[in-house]
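One structure is given here, and the rest of the page talks about it.
We name chains A, B, ... by the order of the sequence lines, and we start the count at 1 in each one. The model shown is predicted, which means the values in this text are computed figures rather than measured ones.
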2 protein chains.
Amino acid sequence: MGKLLNNCQERGLRLTNQRELVISIIENSNDHPDVDELYKRAAEKDNSVSIATVYRTVKLLEDANLIEKLEFGDGRARYEESGKHHEHLIDVETGEVIEFIDEELEELKKQIANKLGYKLIDHRLELFGKKIKL
Amino acid sequence: MGKLLNNCQERGLRLTNQRELVISIIENSNDHPDVDELYKRAAEKDNSVSIATVYRTVKLLEDANLIEKLEFGDGRARYEESGKHHEHLIDVETGEVIEFIDEELEELKKQIANKLGYKLIDHRLELFGKKIKL
DNA sequence: CTAAATGCAAAACCTTTGCCTCAAA
DNA sequence: TTTGAGGCAAAGGTTTTGCATTTAG
């Protein structure tokens with residue numbers, strides 16, 4: 001069973017068909033679907049799912065810190081599982097999202113927060129770039 | 001005259017009272033007002049300004065790369081003058097926004113983009129932290 | 001059974017836009 | 001005078017919510 005579903009059980013949340021479905025879609029998505037996209041993918045498998053439930057489910061998971069809200073500047077919230085521990089570079093020409101992880105960057109962010117007298121709780125970073133032609 | 005106003009003239013845009021007012025508010029704000037806040041501050045000085053004009057003005061300035069849109073995750077766009085060249089750390093307990101600049105970080109972001117085969121065009125970074133009690 | 005979750009549609013937000021009027025150049 | 005800009009209100013898009021109904025536990 002996936003981590004998300006597991007955690008929902010532990011928290012005493014009801015495992016409804018709709019929740020299981022939405023959660024499994026999030027767990028099995030490698031891209032960064034917005035709510036409407038999650039809804040479409042869910043509705044394909046079970047057309048009784050409503051978009052309100054998708055919104056309620058992502059809010060639930062977000063409040064539980066199980067998923068993270070991403071904002072790529074297009075006015076729609078996107079989601080991905082927490083703890084994936086990677087950052088995003090967005091190709092400004094194609095919209096493609098490249099994931100990366102850089103330990104030096106992770107360390108530097110903590111250091112900066114500390115230097116300012118803060119403990120780093122969370123962060124959000126997006127790079128926007130243009131592909132270098134070879 | 002401020003840089004923003006100056007640049008509008010150069011671009012042949014009309015310097016209406018409303019534009020001048022909105023621009024002066026942006027130039028003289030040290031925080032990160034959202035559109036509604038800009039509108040309120042403008043309306044205080046001239047109650048004929050409409051929120052549509054504020055939206056049109058920020059879009060104008062944003063398209064001209066004179067101001068930058070910030071998203072702190074609350075669903076409202078915030079703006080600040082471009083070229084201020086600083087990042088934001090948000091105090092998760094008070095909502096206070098601390099600005100900082102770290103050259104090592106700036107350099108690292110460029111390096112990371114390059115390593116991935118991209119030229120860094122833009123970026124967005126927010127740190128969220130809790131104040132360390134002494 | 002009972003409280004929690006869902007579906008539906010309405011409402012709430014933020015933002016954009018059409019249209020007519022006004023004013024900068 | 002001419003064309004860009006503004007005001008107003010309606011429309012658009014995303015997200016939230018009230019309420020009656022269903023369902024997991």
Selected nucleotide, minimal atom distance to V35(B) side chain, candidates dG7(C), dA24(C), dT15(C): dT15(C)
For the side chain of K59(B), starting at C-beta, report the closest nucleotide among dC14(C), dA3(C), dT16(C).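 Between dC14(C), dA3(C), dT16(C), the one nearest the side chain of K59(B) would be dT16(C).
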Got a donor-acceptor contact below 3.5 angstrom from the [X] side chain to the [Y] backbone?
| X | Y | answer |
| --- | --- | --- |
| E27(A) | L4(A) | yes |
| S29(B) | I25(B) | yes |
| T57(A) | V22(A) | no |

Base, sugar-phosphate or nothing for I51(A)? Non-hydrogen atoms, less than 4.0 Å. nothing
Rounding to an integer number of Å, can you tell me how far [X] [atom1] sits from [N] [atom2]?
| X | N | atom1 | atom2 | answer |
| --- | --- | --- | --- | --- |
| Y39(B) | dT15(C) | OH | P | 15 Å |
| E20(A) | dT6(C) | CD | P | 11 Å |
| L13(A) | dT6(C) | CG | C1' | 15 Å |
| K69(B) | dC14(C) | NZ | C1' | 11 Å |
| R11(B) | dA25(C) | CZ | P | 16 Å |
| D36(B) | dT16(C) | CG | P | 14 Å |
| D74(A) | dC14(C) | CG | P | 18 Å |

In terms of heavy-atom contacts, H86(B) and E80(B) come closest through NE2-OE1, 3.0 Å
For H88(B) and F72(B), run ring pair (Phe, Tyr, Trp, His ring centres under 6.0 Å): C-alpha distance rounded to whole Å, both residues' side-chain angles, the deciding distance at 0.1 Å, then the answer. CA-CA 10 Å; H88(B) 300 99; F72(B) 291 167; 5.6 Å; yes
Between Y55(B) and T16(B), name the one whose nearest nucleotide on DNA chain C is closer to the 5' end. Y55(B)
Looking only at N and O atoms, is any donor in the side chain of R19(A) or the base of dA5(C) less than 3.5 Å from an acceptor on the other one?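 Check fails, no donor-acceptor contact within cut-off.
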Shared hydrophobic cluster, L120(A) / L108(B) (ILVMFWY, side-chain heavy atoms < 4.5 Å): yes
Check whether any side-chain N or O of R14(B) sits under 4.0 Å from OP1 or OP2 of dA25(C), and answer yes or no. no
Let me know which of H32(A), K69(A), E37(A) forms a side-chain contact (heavy atoms from CB on, under 4.5 Å) with R78(A). H32(A)
Identify the 5'-most and 3'-most nucleotides of DNA chain D with at least one atom closer than 4.0 Å to a non-hydrogen atom of chain B.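 The protein-touched segment is dT3(D) to dC8(D).
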